[in-house]
Amino acid sequence: MTERVPGKGFVWISTGPGIVVSGSHQIAANATGEACTVTLRLQFTGLPGGLFGGLTAGINQRYLTMEIEGLRKRCEA
């Protein structure tokens, strides 16, 4: 984890040969404070970053969906 803002989210970075993958988890409350929106993002940079991101887009989307669904279920419990 490279950045953490309590109650707002965090950012992480992972590196490999020629590639940097960064992810962010951001939380934003609605105007009434009764609900919030969670945004998960992945970014691939470096020479092979775009290619690697494209090749793994399907599995990355499935993992992000599983993560956000797990969080939703936990929050609703």
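The basis for the numbers below is simple: all heavy atoms, side chains too, and nothing from hydrogens, waters or symmetry mates. Keep in mind that this is a model prediction, so the values were computed, not measured.
- Residues in residues 3-27 take part in these side chain to side chain donor-acceptor pair (under 3.5 Å) pairs, two or more places apart or across chains: H25-E67.
- For T37, the side-chain contact (heavy atoms from CB on, under 4.5 Å) partners at least two apart in sequence or on another chain are T39.
- Side-chain heavy-atom separations under 4.5 angstrom define the hydrophobic clusters, and the remaining members of the one that includes I13 are V20.
- Cluster membership check: L55 does not share its hydrophobic cluster with I19, using side-chain heavy-atom separations under 4.5 Å among Ile, Leu, Val, Met, Phe, Trp and Tyr.
- Under the 4.5 Å side-chain heavy-atom criterion for grouping Ile, Leu, Val, Met, Phe, Trp and Tyr, F10 is connected to L64 within one hydrophobic cluster.
- Nearest heavy-atom pair across P17 and P48 is O-CG, 4.4 Å.
- Residues passing the salt bridge (charged side-chain N to carboxylate O under 4.0 Å, His left out) test with E69 are R72, sequence neighbours excluded.
- Under a 4.5 Å side-chain heavy-atom cut-off, the cluster of Ile, Leu, Val, Met, Phe, Trp and Tyr residues that includes V5 has no other member.
- Sorted by first and then second residue, the side chain to side chain donor-acceptor pair (under 3.5 Å) pairs involving residues 40-58 (not counting sequence neighbours) are T56-N60.
- Sorted by first and then second residue, the ring pair (Phe, Tyr, Trp, His ring centres under 6.0 Å) pairs with a member in residues 28-57 read F44-F52; sequence neighbours excluded.
- A continuous path of hydrophobic side-chain contacts links M1 to L42 [ILVMFWY only; heavy atoms under 4.5 Å].
- When hydrophobic residues (I, L, V, M, F, W, Y) are linked wherever their side-chain heavy atoms come within less than 4.5 Å, the members clustered with Y63 are I59, M66.
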